[in-house]
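Reading through the structure tokens given below for one structure.
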There are 2 protein chains.
Amino acid sequence: MLLIKRKAKPFKGKWALPGGLVLDKESLDQAVERELREETGIDVNYLEQLYSFGSPNRDPRNRVISVAYFALVRKSNFELHASTDAEEAKWINIKELPKLSFDHNKIIDVAVNRLRGKIGYQPIGFELLDEKFPFSDLHKLYELIYNESIDRRNFKKKFLQLNILEELDEKVSKGKGRPGSLFRFNRTKYFKLKKSGVVFEV
Amino acid sequence: MLLIKRKAKPFKGKWALPGGLVLDKESLDQAVERELREETGIDVNYLEQLYSFGSPNRDPRNRVISVAYFALVRKSNFELHASTDAEEAKWINIKELPKLSFDHNKIIDVAVNRLRGKIGYQPIGFELLDEKFPFSDLHKLYELIYNESIDRRNFKKKFLQLNILEELDEKVSKGKGRPGSLFRFNRTKYFKLKKSGVVFEV
DNA sequence: GCAAAAGTGTTCCTTTTACACCCATGC
DNA sequence: GCATGGGTGTAAAAGGAACACTTTTGC
């Protein structure tokens with residue numbers, strides 16, 4: 001999770017999700033991208049509206065209705081384009097989340113469930129991986145999100161049968177063990193297959 | 001679809017989804033239930049937040065951000081509790097929708113897709129059927145929503161295996177043909193199974 | 001040469017699909 | 001008695017789960 005440290009009251013100094021107010025002439029999506037850029041300096045790969053939160057007392061100041069979005073970002077993207085210092089925005093392991101400002105823990109819960117539900121039938125996992133990745137990264141990603149172990153061989157078989165990955169001629173070594181081929185998600189193939197009625201399902 | 005005829009400008013006299021403004025001290029869900037009651041006189045069985053629409057010019061008057069909900073209602077409920085006259089609120093077959101006010105056609109698109117996506121893994125179809133229903137009603141419902149024919153025998157086999165329906169001792173005749181048993185969705189059974197990790201999937 | 005990770009196939013079992021005949025009722 | 005819809009079972013095919021040994025590298 002990418003969190004920011006709040007600079008103003010309420011919850012000053014506590015961690016929170018980035019966010020802000022929608023301007024008069026922009027769409028919701030535009031507002032999200034703008035706020036994210038302003039507060040964390042990143043451009044996102046994937047953006048999806050999550051849910052709108054509107055309990056009357058979720059903000060101690062005023063009535064605030066938040067349209068929450070969730071984004072997927074390659075960590076490498078962030079490291080390259082970061083325009084803020086580490087004090088203000090920080091990646092935090094989702095298993096070590098502190099108590100956040102407002103109802104933001106609840107929002108994260110909803111987001112994680114959405115991701116878990118969606119990654120099985122939409123190829124959004126690639127938005128979290130580098131463009132070229134060893135197969136084990138994909139495997140570990142699914143295991144992480146589902147929070148359970150998946151048979152390596154069956155997973156690979158199934159995924160390769162979908163025919164949306166290309167295996168490259170490059171190999172990469174992770175320090176120890178046999179180096180593995182790099183793979184790349186072929187968006188074009190995916191959309192062609194989707195159009196012709198084939199469904200992605202892992 | 002349950003539509004209302006607009007009484008005020010803009011789009012006066014045209015069909016639209018029921019809706020209105022959120023009051024200061026109510027949650028979004030409460031606002032939906034209130035508006036629905038005020039404009040159509042019904043209480044809903046099932047309510048789910050759908051999506052928030054916020055393009056800057058979706059309403060010609062002001063900037064309006066709409067948090068859309070979708071509800072499922074038994075038609076019989078509506079006929080009983082209707083508190084409005086037929087001029088103001090009306091059921092319209094979804095295959096015969098006129099062009100609606102604002103971006104409401106788009107909202108309905110999103111809702112139909114949500115329903116289609118969800119009915120396969122959550123037992124929300126029952127919210128559209130009477131409490132006791134012949135099996136053929138359930139079958140027809142799924143065929144209608146998926147817009148494709150489903151083998152009657154396989155569908156029944158699969159559904160009964162889920163073990164969340166009870167077959168009653170009553171039979172009902174539809175005028176012609178052999179009368180069929182009535183069934184009832186057993187919510188308690190469903191939640192027990194869900195808790196124990198069994199997944200509903202049709 | 002040993003530890004670590006990658007590559008690869010087969011068998012069994014479960015699930016899904018396709019499909020046809022009989023039964024109860026209204027007219 | 002005929003038209004209509006309801007009730008039921010089986011066989012073949014496909015898909016998913018379980019599982020072990022070999023290869024390449026770093027140290």
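These values consider heavy atoms only, across backbone and side chains, with no hydrogens, waters or symmetry-generated copies. Numbers restart at 1 for each chain; the letters A, B, ... are given by sequence-line order, proteins then strands.
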Euclidean distance, atom CZ of residue F155(B) to atom C1' of dT15(C) [Å, nearest integer]: 17 Å
Base dA20(D) paired with R153(A) side chain (donor-acceptor, <3.5 Å): yes
K194(B) charged N/C atom sitting above F200(B) aromatic ring, 6.0 Å / 45°: no
Euclidean distance, atom NZ of residue K158(A) to atom C1' of dT8(C) [Å, nearest integer]: 19 Å
Residue whose closest nucleotide on DNA chain D lies nearer the 5' end, K171(A) versus K140(B): K140(B)
Nearest-nucleotide comparison on DNA chain D, the residue closer to the 5′ end among P134(B) and E201(A): P134(B)
Distance, rounded to the nearest Å, where D151(B) contributes CG and dT10(D) contributes P: 16 Å
Check: Y146(A) main-chain N/O paired with R116(A) side-chain donor or acceptor under 3.5 Å: no
N/O (side chain, S181(A)) to phosphate O (OP1/OP2, dA6(C)) under 4.0 Å: no
d(CZ, F183(A); C1', dA6(C)) in whole Å: 10 Å
Any K156(A) side-chain nitrogen or oxygen under 4.0 Å from OP1 or OP2 of dG7(C): yes
Spacing between R152(B) atom CZ and dA20(C) atom P, to the nearest angstrom: 13 Å
Expected output: side-chain E148(B) to main-chain E143(B) donor-acceptor under 3.5 Å: no
Residues S181(B) and K171(B): side-chain donor-acceptor under 3.5 angstrom: yes
Atom-pair distance (CG on L162(B); P on dT16(C)), nearest Å: 10 Å
Nucleotide nearest S173(B) when distance is taken to its side chain, options dA18(D), dG26(C), dG16(D): dG26(C)
Candidate nucleotides dA18(C), dG26(D), dG6(D), ranked by approach to the side chain of S136(B) - the nearest: dG6(D)
Whether N62(A) side chain and V64(A) backbone form a donor-acceptor pair below 3.5 Å: no
hbond_proxy K157(A) side chain to dT10(C) base (donor-acceptor, 3.5 Å cutoff): yes
N154(A) CG to dC13(C) C1', straight-line distance once rounded to whole Å: 13 Å
Separation of atom NZ in K176(B) from atom P in dG26(C), rounded to whole Å: 14 Å
